[in-house]
Every structure is written in structure tokens, then in C-alpha cells.
Amino acid sequence: MNTIFSGIQPSGTLTLGNYLGAIQHFVKLQEDHNCYFCVVDEHAITVPQDRLKLRENIKSLAALYLASGIDPNKSTLFIQSEVAAHTQLGWMLQSLSYMGELERMTQFKDKSEGKEAVSSALFTYPSLMAADILLYKTDIVPVGEDQKQHLELTRDLAQRFNNKFNDIFTIPEVSIPKVGARIMSLQEPTKKMSKSDENEKAFISMLDTPKKIEKKIKSAVTDSEGVVKYDKENKPGVSNLLTIYASCTGESVEAIEEKYAGKGYGDFKQGVADAVIHVLQPIQERYNELIESELLDEILDQGAEKASFTANKMLAKAKKAMGLGRVK
Ligand code: TYM
């Protein structure tokens with residue numbers, strides 16, 4: 001059985017983009033793969049975080065994974081900072097990462113642009129991400145489009161390590177969904193929908209009320225043409241809404257275009273809002289039950305134990321291969 005690893009940062013309430021680009025696929029993949037899903041809190045501290053808010057976001061993200069359908073009997077769900085091997089291997093992989101290749105990462109460029117104080121951890125973030133993946137002999141990493149470059153670097157680092165020291169790491173493949181890999185901002189549809197966007201109207205949070213979802217979709221930027229047609233170049237707003245509709249319902253873009261032929265954007269936007277609410281409402285109901293329950297802690301304890309067991313074995317191999325510590 002192939003092994004899957006993926007992670008999400010607890011840096012704010014998840015967006016519809018995170019759900020459609022990532023979590024939705026994790027739920028299907030767990031049926032026939034050995035899956036590890038991680039709350040990557042050590043990645044979140046590469047930019048400033050309020051400690052109480054971070055704690056809250058970590059638990060909230062774990063509950064959202066479960067409420068979306070991650071089954072702890074099928075998948076291992078855990079918090080990155082509770083498995084020490086991640087930062088340990090991350091450091092070792094940093095020693096193999098070149099400044100030049102880290103400087104080329106577009107996520108680093110985007111997140112550091114115009115900032116006065118940029119942490120060195122934001123710069124070396126991809127080496128830690130590589131460690132996350134390589135610790136579990138991961139075959140496939142399901143992610144949205146924006147993580148593709150980090151995955152290429154992970155593969156390079158694994159190959160570099162294997163060639164230089166010992167052939168211990170599996171070279172992972174990236175898996176990017178055909179539809180929904182890049183959900184765009186509702187206000188600036190040429191920009192990715194992001195949970196850290198300052199404009200709240202630009203993204204749909206997975207915990208937004210139906211009323212709020214409806215309002216945000218109704219005020220989404222479109223164009224003056226009034227034709228529901230997919231054309232990413234000339235109609236980015238409408239194309240984004242079509243992608244959201246298709247990803248939520250599983251219907252093809254063509255079928256949706258046909259359904260709304262001759263109708264205006266008002267009807268179409270109502271359809272998009274209904275589709276989103278239909279997906280998110282049951283998740284929110286389960287979330288509300290889980291967030292206060294003791295079950296959540298039990299699942300995370302078990303997840304950390306299971307993940308540590310596998311990760312520590314790979315860490316020991318990597319240390320031995322690099323010549324760290326003593327031979328016992
Ligand atoms: P993060 O927390 O930014 O996003 C989590 C997942 O959601 C996807 N995603 C999107 N998909 C479609 N449209 C969007 N607008 C959108 N925004 C986000 C992301 O591609 C991702 O799959 N570096 C990672 C976290 C990470 C990780 C890992 C992932 C750390 N270690 C190991 C995989 C394997 C990140 O910042 O994701």
C-alpha cells in the first residue's frame with residue numbers, strides 16, 4: 001500500500017481553497033493508502049503568531065480534518081511539534097540545501113516581499129517540509145498547485161542525500177487535483193485565495209455561516225459580460241466561481257455552463273453559494289461537536305505516538321548515514 005503525507009499550517013481558519021485543493025482529496029485517499037496528515041505548527045511560526053491564537057488554531061485545524069472526514073482508524077493525524085524527529089531531520093536537510101535554491105522559492109519571495117523583519121526560518125521552511133515528507137517513506141504528496149515547487153525541492157534533497165550518503169529516502173511524487181488546485185481570491189481573482197488575506201471578503205472560511213458565505217459570493221468580482229463561461233484569461237472571476245461550483249458538486253464545468261446559459265450572474269452566484277453551503281454545513285456541524293470533546297486529544301495523542309514510532313526509525317537511519325552521534 002502506498003504511503004501518503006500532507007500537512008496544513010494552523011495559521012488561521014482554513015479556507016474553501018484548503019478544502020477543495022487539499023482536504024477533500026485526503027478523505028478519498030485514506031480509503032486505499034497508508035496516510036499521515038499533519039498540523040504543521042512549526043511551519044506556522046516562520047511568521048509571527050500570537051501564542052494563544054496559535055494554540056486555538058492548532059486544535060481547530062485538527063477538528064476540521066476530522067469533521068471533513070479524516071478517519072483516525074484509517075489515517076494518522078498528528079501535530080508536527082509533538083514529533084521531534086521533524087525538526088531534527090529538518091536541520092540535517094538544511095545542511096544539504098543551497099541558499100540559491102531556497103532563494104528561488106516563490107512562496108518565500110511572496111511572504112517576505114516588503115517586510116522589514118523576515119525570519120531565517122521562513123527562508124529554510126522548505127527543508128523542514130522535505131523532512132516532514134521524507135520521514136515516512138512517502139510515495140505521494142497530495143497538495144494544491146502552490147506547493148509544487150516545494151515538492152520539487154524535496155525530491156532534489158532526497159536524491160542528493162541518497163547519492164551522497166546512503167540510499168534511504170523514497171523519492172515522493174506530487175499529486176495535484178485536476179480541478180480546484182488553485183482556488184482564487186473572490187476580490188482579486190488573479191491572486192490565490194489565502195487564509196492570511198487582509199480582506200475578509202476575499203476568502204471563504206470553512207467556518208463561515210451560510211449567510212456570510214452567500215454574502216461573500218454575491219459580492220465576488222466578476223465582469224460586465226453577463227455570460228457564464230470558463231475563460232481564465234479574460235473572465236478570471238467567473239472562471240473561479242465555475243471551478244468552485246464544479247469542485248463542490250463534482251459536475252463538469254461544461255455542464256454548469258449549460259445549466260446557466262442565458263441566465264445572469266445573480267442566479268449563477270446563488271447556485272455557487274448553495275453548492276458551497278451544501279458542502280460546508282455538515283462539516284461545521286461535526287466540527288462543533290468535536291472541538292470541545294476529549295476525543296480530539298485522544299486521537300492526537302495516539303497520532304503523535306504512531307507517527308513518532310515511524311519517524312524515529314527513519315531519523316536513526318539518516319543520522320547513521322550522515323555520521324552523526326555514536327554507533328551503538
Ligand atoms: P498551506 O497550509 O498553505 O495549505 C494547505 C493545503 O491547501 C492547499 N491550498 C490551496 N489549494 C487550492 N486553492 C487554494 N487557494 C489553496 N490554498 C492552499 C495547499 O496547496 C496545501 O496543499 N507548506 C504547506 C504545508 C506543509 C506541507 C508539508 C504540505 C508543510 N509540510 C508536507 C505537504 C507535505 C503549506 O503552507 O500549506
Side-chain angles (χ1 to χ4, degrees), residues 3-26 29 35-47 49 54 57-58 60-61 64-65 68 70 78-81 83 86-87 89-90 93 105-108 110-111 121-122 124-136 138-155 157-158 172-197 202-206 236 239-240 243-244 246-248 307 311:
T3 297
I4 298 254
F5 184 99
S6 205
I8 302 179
Q9 293 194 58
S11 48
T13 305
L14 295 201
T15 69
L16 184 65
N18 296 124
Y19 180 75
L20 298 177
I23 302 190
Q24 171 173 254
H25 306 285
F26 301 171
L29 288 165
C35 291
Y36 292 89
F37 297 119
C38 190
V39 176
V40 290
D41 55 348
E42 285 161 335
H43 276 101
I45 58 166
T46 57
V47 296
Q49 299 285 345
L54 178 61
N57 285 340
I58 290 170
S60 168
L61 172 51
L64 269 177
Y65 266 118
S68 301
I70 296 303
F78 70 102
I79 298 171
Q80 185 184 34
S81 66
V83 179
H86 287 248
T87 42
L89 183 65
L93 293 176
M105 295 293 120
T106 52
Q107 183 169 303
F108 173 71
D110 290 348
K111 286 197 172 181
L122 186 67
T124 56
Y125 174 118
S127 316
L128 179 60
M129 179 161 163
D132 299 339
I133 296 165
L134 299 179
L135 279 171
Y136 299 92
T138 302
D139 299 293
I140 306 163
V141 184
V143 281
E145 180 76 38
D146 61 337
Q147 297 301 316
K148 201 171 154 197
Q149 199 186 23
H150 288 158
L151 254 295
E152 278 157 18
L153 182 64
T154 300
R155 288 167 57 88
L157 289 176
E173 298 288 336
V174 64
S175 166
I176 295 172
K178 284 198 185 74
V179 184
R182 195 171 171 81
I183 302 295
M184 310 307 270
S185 153
L186 297 178
Q187 292 300 315
E188 282 175 78
T190 48
K191 208 175 94 180
K192 170 185 98 159
M193 182 182 283
S194 163
K195 53 187 173 254
S196 39
D197 203 309
F203 62 89
I204 292 173
S205 146
M206 284 184 74
S239 303
N240 188 39
T243 303
I244 292 175
S247 312
C248 285

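Start at 1 and go down the list; that is how both ligands and their atoms are numbered.
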Whether the [X] and [Y] side chains hold a donor-acceptor pair (N or O, under 3.5 Å, no angle test) is what I'd like checked.
X: Gln107; Y: Asp146; value: no
X: Ser247; Y: Gln24; value: no
X: Glu42; Y: His86; value: no

N/O donor-acceptor pair under 3.5 Å between Tyr65 side chain and Ile23 backbone
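No.
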Using side-chain heavy atoms (C-beta onward) and a distance below 4.5 Å, is Thr15 in contact with Asp197?
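No, their side chains stay 4.5 Å or more apart.
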What class does the angle between the rings of Phe37 and Phe26 fall in, given that below 30° is parallel, 30 to 60° is tilted and above 60° is perpendicular?
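Correct class here is parallel.
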At a 4.0 angstrom heavy-atom cut-off, what protein residues surround ligand 1?
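Only Phe5, Ser6, Gly7, Ile8, Gln9, Gly17, Asn18, Gly21, Ala22, Val40, His43, Tyr125, Met129, Asp132, Ile133, Val141, Val143, Gly144, Asp146, Gln147, Gly180, Ala181, Arg182, Ile183, Lys192, Met193, Lys195 have heavy atoms that fall under 4.0 Å of ligand 1, ordered by chain and number.
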